[in-house]
Protein chains: 2
Amino acid sequence: MQKTSNVDRIIEKAREMAITFELKPGARINESALSKDLGASRTPLREALNRLVAEGYLTFQTGKGFFCRALDPKRIMDLYETRVAIEVEAVRLACLRATDGELAVFRAYLNQTEPAYSQGAEVSELVLADEDFHLYIARLSQNDELLRLLENLNGRIRYVRSIGLKTMQSAPPPQAPELSLTAHRRILDALVARDADAATATMRAHIERRWEEATEAVRIAYSQIYVPEDLSREVL
Amino acid sequence: MQKTSNVDRIIEKAREMAITFELKPGARINESALSKDLGASRTPLREALNRLVAEGYLTFQTGKGFFCRALDPKRIMDLYETRVAIEVEAVRLACLRATDGELAVFRAYLNQTEPAYSQGAEVSELVLADEDFHLYIARLSQNDELLRLLENLNGRIRYVRSIGLKTMQSAPPPQAPELSLTAHRRILDALVARDADAATATMRAHIERRWEEATEAVRIAYSQIYVPEDLSREVL
DNA sequence: GAATTTAGAACTGTATACAGTTACGAATAC
DNA sequence: GTATTCGTAACTGTATACAGTTCTAAATTC
């Protein structure tokens, strides 16, 4: 059993704050203040921040300190393109390596999660369920590095999705979950048929479909984050 | 101008030590001893080590400390497969986005580096020249994330290559550089022709060719690292 | 002689203090 | 009124000390 240390707790919390914009994009991070908030000293906090830099959540300048990464549409596009790179190769490898037995278990898993999609579940749960599907395939590829990278990308993209979905809840384009589910089924069918070309093509199209949703979500995020900021500046 | 801090220096040095096996794979890292060697205290050293963990060079266990990553053939294979994933997508995007002018400059660059390949240059230089070619394409893809990941992968694969080439120097299979150069030319031609399928296929084959060289290199590395260790143990 | 327990050494985890750097604003010169 | 300089405050960079944990090996028991 892996005993979780203080640093792990801090990383989790700081990552959370970066994701939810509790730390504003581009803003400098005040180490003393944040360490006090988190109930630890600066030493473990800096260790956590260093790790988040390497994970791509923060940036760092010598003598200046740590900064939240600016949130721009270009970056989101880059992340989605990287997801395509990773996942297309993952599904190709899974096609070569997954046993029929593993694919049968995978199908059972997919059938079991289906009810969650159809009944109007929490959107955040839908996002996580979707992530799980994709991670499952990465696991079937038997490549630890691809899996690790996909987990990292998921973490960095998740907030955009959740923001996008948050607004979608009020004005929902409601068939999206079913579409997603259909794509997932088609990918699985291609895997079972050992049709690598179909599997990769479907995967690529499936991810790229979320593209515009994502850039749209970034725009919404900007308005949510910066407008209140500007308003408060008006007051001062 | 970015002033380089002490931590940057330490990271560079520690990464170097991990790459060259000055720190043995799987071995625990003694922070006090290493910090003394590097002429710094444990605080900046631990910051550096944490970053190297996130970059994939080291592992970490709470309460136990930092460890060099074990060097096994499976991991090398994973890294090469990840390279394929990244680079195939990069060359595809470059095919869409690079202007004719950029490709002309690229061709000039390739022609200019050619002499270095034909004249028997240092193998380590050849490795770096090859890396540069691939990074160039990643840059043409205009995707910062793919570029970042490729740089990371290069760093982690480099030591295997250099070991493989070191032994190749004594018993050289001499046409390898020319083959590599040919593949590079074919990739460029495909880019100019905007033939994404040819570009990606050539890129994939080019990287996969290095595959067995790499696993062979790992075997050699094992013999070089562990045999002397065992011998010295005999003496004690 | 083998297994188990226990004491101590070594090492990691964290807090704190201080040195060095950067940023900000007031004061002065033009 | 604007620009420049200087001083101070805030923050980052690093060392060190100490607390808590893990590992090692010796001693004891069976």
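In what follows, every chain begins at residue 1, and chains take the letters A, B, ... in the order their sequences are listed.
Mapping Gly63(A) and Ser41(A) onto DNA chain C by nearest heavy atom places Ser41(A) closer to the 5' end of the strand.
One can place CG of Asn50(A) at 11 Å from P of dT14(D), the figure rounded to the nearest angstrom. Rounding to whole angstrom units, CZ of residue Arg46(A) and P of dT16(C) are separated by 17 Å. Following rounding to the nearest Å, Glu47(B) (CD) and dT14(D) (P) show an atom-to-atom distance of 7 Å. Between the C1' atom of dT14(C) and the CZ atom of Arg42(A) lies a distance of 13 Å, rounded to the nearest Å. Counting to the nearest Å, the C1' atom of dT21(D) and the CG atom of Asn30(B) are 15 Å from each other. The CD atom of Glu31(A) sits 14 Å away from the C1' atom of dT16(C) (whole-angstrom rounding). For Gln61(A) and dT21(C), the CD to P distance is 17 Å, given to the nearest whole Å. When rounded to the nearest whole Å, the span between CZ of Phe67(B) and C1' of dT22(D) equals 11 Å.
When each of dC11(C), dG13(D), dA15(D) is scored by its nearest atom to the side-chain atoms of Thr62(A), the top-ranked nucleotide is dG13(D). For Thr43(A), counting side-chain heavy atoms from C-beta on, the closest listed nucleotide (dA23(C), dA15(C), dG13(D)) is dA15(C). You'll find that the side chain of Pro44(A) is closest to dA15(C), out of dA15(C), dG13(D), dT14(D).
The CG atom of Asp78(B) sits 11.0 Å away from the CG atom of Leu153(B) when rounded to the nearest 0.5 Å. To the nearest 0.5 angstrom, Lys64(A) atom NZ is 8.0 Å from Arg28(A) atom CZ.
Using modelled atom types, no side-chain atom of Asn50(B) and backbone atom of Asn50(A) make a donor-acceptor pair closer than 3.5 Å.
Around atom NZ of Lys36(A), no more than 12 heavy atoms belonging to other residues, nucleotides or ligands sit under 6.0 Å away.
Proximity of Lys64(B) to the phosphate of dG13(C): no side-chain N or O atom is located under 4.0 Å from OP1 or OP2.
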